2 protein chains.
Amino acid sequence: MARKRFDDSNCSVARALNEVGDWWSLLIVLHAMYGTRRFVDFQQELGIAKNILCDRLARLVDNQVLSKVDVGEHGSRFEYRLTEKGRDLFPVVVALRQWGDKWNPAPDEVPLDLRDRATGQPIPPVEVQNADGKPLSVRDVFVPEASRPGHKKNSA
Amino acid sequence: MARKRFDDSNCSVARALNEVGDWWSLLIVLHAMYGTRRFVDFQQELGIAKNILCDRLARLVDNQVLSKVDVGEHGSRFEYRLTEKGRDLFPVVVALRQWGDKWNPAPDEVPLDLRDRATGQPIPPVEVQNADGKPLSVRDVFVPEASRPGHKKNSA
DNA sequence: TGAATAGGGTTGCTTTACGAAACCAAATTA
DNA sequence: TAATTTGGTTTCGTAAAGCAACCCTATTCA
């Protein structure tokens with residue numbers, strides 16, 4: 001693929017995509033959020049080839065989205081757990097899932113039923129809100145020129 | 001790549017990633033949200049090869065994230081505009097950008113300064129909230145068993 | 001009338017993502 | 001002690017993804 005790397009990109013979205021923007025990484029993070037921690041469990045749930053899973057887990061650990069902890073009682077037994085950085089992807093994952101549920105509902109699938117552990121109430125859609133909690137659309141916001149992605153040198 | 005397709009996946013995140021989960025698509029959507037509409041502008045801002053841009057735009061149009069409108073005064077001149085479905089990715093993009101700004105800040109880059117058009121106030125971080133507007137972390141929520149991604153047949 | 005620009009399409013080549021399967025060390029079971 | 005399971009890593013072949021470069025048409029500008 002000779003893919004363009006975004007590591008040095010001037011845009012944080014590009015850099016974020018560099019870490020979790022491939023086909024598997026975000027799904028791994030998703031399953032980690034659902035509680036999956038072990039290699040074999042990821043493999044079975046995702047139906048991913050072992051080497052790819054290996055690669056992705058290593059990369060996520062490198063990027064500090066996951067941490068690899070040795071929980072071996074006797075020898076080595078590893079678990080992959082979300083770091084704070086990884087857990088911070090929660091709004092992204094939920095927003096993406098809600099978007100998918102809304103625009104590409106599977107006929108035979110129950111849409112995400114995420115609930116508040118404290119109250120049992122379903123979680124409303126993730127929104128961009130202003131300081132007062134009022135939901136905003138793309139059109140309700142603006143970006144000062146200096147903060148635009150393609151601003152001056154180095155686009156992407 | 002012989003990539004596994006997720007079209008028929010039981011998981012809406014997987015299906016969403018199938019539409020905007022590649023390296024370029026979400027960046028294209030991002031730039032579209034910033035106002036970019038024309039082929040050449042996307043190309044210059046993103047530094048993407050023309051055939052790839054061609055392919056991605058077509059795919060986004062196919063998936064109804066963008067619409068291709070002929071704005072030619074005399075001949076053909078096209079613009080790619082966000083559809084409602086595309087605009088609905090706003091929370092995803094903003095959340096991702098905020099995540100990137102928080103965890104991978106570029107030394108020389110201004111973090112996203114998104115502001116409410118009405119008030120001029122900066123936009124606070126996108127959160128998952130409960131019905132009362134209280135922010136929730138991964139640990140504050142649960143998913144009824146039937147709604148889990150790896151539930152029964154068909155994982156991913 | 002010529003040159004430049006917009007909006008692509010096509011070809012060729014390289015790099016990578018991917019899955020299958022073999023391999024391997026440590027621990028458990030028989 | 002031998003066989004099996006767990007938890008991966010390595011190797012390999014293939015199918016894409018990616019970029020560069022060239023081509024092509026229609027329009028606009030000089």
Side-chain angles (χ1 to χ4, degrees), chain A residues 1-9 14 17-28 31-32 36-63 66-81 155-156, chain B residues 1-9 14 17-28 31-32 36-63 66-81 155-156:
Chain A
M1 258 185 231
R3 235 197 61 243
K4 176 171 292 192
R5 304 318 320 256
F6 292 125
D7 314 276
D8 55 345
S9 170
L17 288 175
N18 214 29
E19 296 193 3
V20 294
D22 70 299
W23 303 95
W24 289 116
S25 297
L26 212 55
L27 286 178
I28 291 174
H31 281 251
T36 304
R37 293 183 162 186
R38 284 176 33 231
F39 189 92
V40 279
D41 293 334
F42 282 114
Q43 207 210 327
Q44 288 193 351
E45 293 171 14
L46 293 168
I48 184 177
K50 294 197 330 176
N51 54 346
I52 302 299
L53 179 58
C54 217
D55 179 85
R56 289 304 179 282
L57 287 174
R59 192 189 302 190
L60 288 169
V61 169
D62 275 352
N63 290 331
L66 297 178
S67 65
K68 181 176 185 174
V69 288
D70 190 334
V71 294
E73 311 83 52
H74 306 82
S76 300
R77 192 103 331 169
F78 298 109
E79 277 189 7
Y80 298 88
R81 298 183 188 169
S155 50
Chain B
M1 258 188 232
R3 236 199 56 247
K4 174 173 291 194
R5 305 319 319 257
F6 292 124
D7 313 278
D8 56 345
S9 169
L17 288 175
N18 214 29
E19 295 193 3
V20 294
D22 69 299
W23 302 93
W24 289 116
S25 296
L26 213 54
L27 287 178
I28 291 174
H31 281 250
T36 304
R37 294 183 162 186
R38 282 167 46 225
F39 189 91
V40 279
D41 293 335
F42 281 114
Q43 207 209 326
Q44 288 193 351
E45 292 171 14
L46 294 168
I48 184 177
K50 294 206 299 184
N51 53 347
I52 303 298
L53 178 57
C54 219
D55 178 83
R56 288 305 177 282
L57 287 174
R59 192 190 302 187
L60 288 169
V61 169
D62 275 353
N63 290 330
L66 296 177
S67 65
K68 180 176 185 174
V69 288
D70 190 334
V71 295
E73 311 82 50
H74 306 83
S76 300
R77 191 104 330 170
F78 299 108
E79 277 189 7
Y80 299 87
R81 299 182 189 170
S155 53

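Chain A is the first sequence line, chain B the second, and so forth, proteins listed ahead of strands; every chain is numbered from 1. Small disclaimer: the values here were computed from a predicted structure and weren't measured.
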> Within the pair W24(A) and dC18(C), is there a side-chain N or O less than 4.0 Å away from OP1 or OP2?
Replying inline: yes
>> Rounded to whole Å, how long is the line connecting atom CG of L53(B) with atom C1' of dC19(D)?
In response: 13 Å
> With sequence neighbours left out, what residues match V40(A) under side-chain contact (heavy atoms from CB on, under 4.5 Å)?
Replying inline: R38(A)
> Just how far, in rounded Å, is P of dT11(C) from CD1 of I52(B)?
Replying inline: 15 Å
>> Going by the rule side-chain contact (heavy atoms from CB on, under 4.5 Å), which residues pair with A58(B) if we only count those two or more places apart in sequence or in a different chain?
In response: none
> Tell me: CZ of F42(B) to C1' of dA6(C), nearest whole Å?
Replying inline: 15 Å
> Picking from dA17(C), dG19(C), dG7(D), which would you name as closest to the side chain of A49(A)?
Replying inline: dG19(C)
> Looking only at heavy atoms, what is the nearest atom pair of F39(B) and L57(B), with distance?
Replying inline: CD1-CD1, 3.7 Å
> Rounded to whole angstrom units, what separation is found between the CD atom of Q43(A) and the C1' atom of dA20(C)?
Replying inline: 12 Å
>> Starting the side chain at C-beta, find the nucleotide from dG19(C), dC18(C), dG7(D) nearest to I48(A).
In response: dG19(C)
> If we only count heavy atoms from C-beta on, is the K68(B) to Y80(B) side-chain gap below 4.5 Å?
Replying inline: yes
>> Restricting to non-hydrogen atoms, name the atom on F42(A) and the atom on H31(A) that form the minimum distance, rounded to 0.1 Å.
In response: CE2-CB, 4.0 Å
> Taking CG from L46(A) and P from dG19(C), how many angstroms apart are they, rounded to a whole number?
Replying inline: 10 Å
>> Between C1' on dA17(C) and CG on D22(B), what's the gap in Å once rounded to a whole number?
In response: 13 Å
> In whole Å, what is the span from the CD atom of Q44(A) to the C1' atom of dG7(D)?
Replying inline: 12 Å
>> Distance check needed: dC18(C) C1' versus R59(A) CZ, whole Å only.
In response: 12 Å
> Side chains of V20(A) and I28(A): does their closest heavy-atom pair fall under 4.5 Å?
Replying inline: no
> Does a side-chain N-to-carboxylate-O contact under 4.0 Å join R59(A) and D55(A)?
Replying inline: yes
Atom pairs under 3.5 Å, N or O on each side, protein against nucleotides 8-10 of chain C: can you list them with distances?
| unit_1 | atom_1 | unit_2 | atom_2 | d |
| --- | --- | --- | --- | --- |
| dG8(C) | OP1 | K68(B) | NZ | 2.9 |
| dG8(C) | OP1 | Y80(B) | OH | 3.4 |
| dG8(C) | OP2 | Y80(B) | OH | 2.6 |
| dG8(C) | N7 | K50(B) | NZ | 2.9 |
| dG8(C) | O6 | K50(B) | NZ | 2.6 |

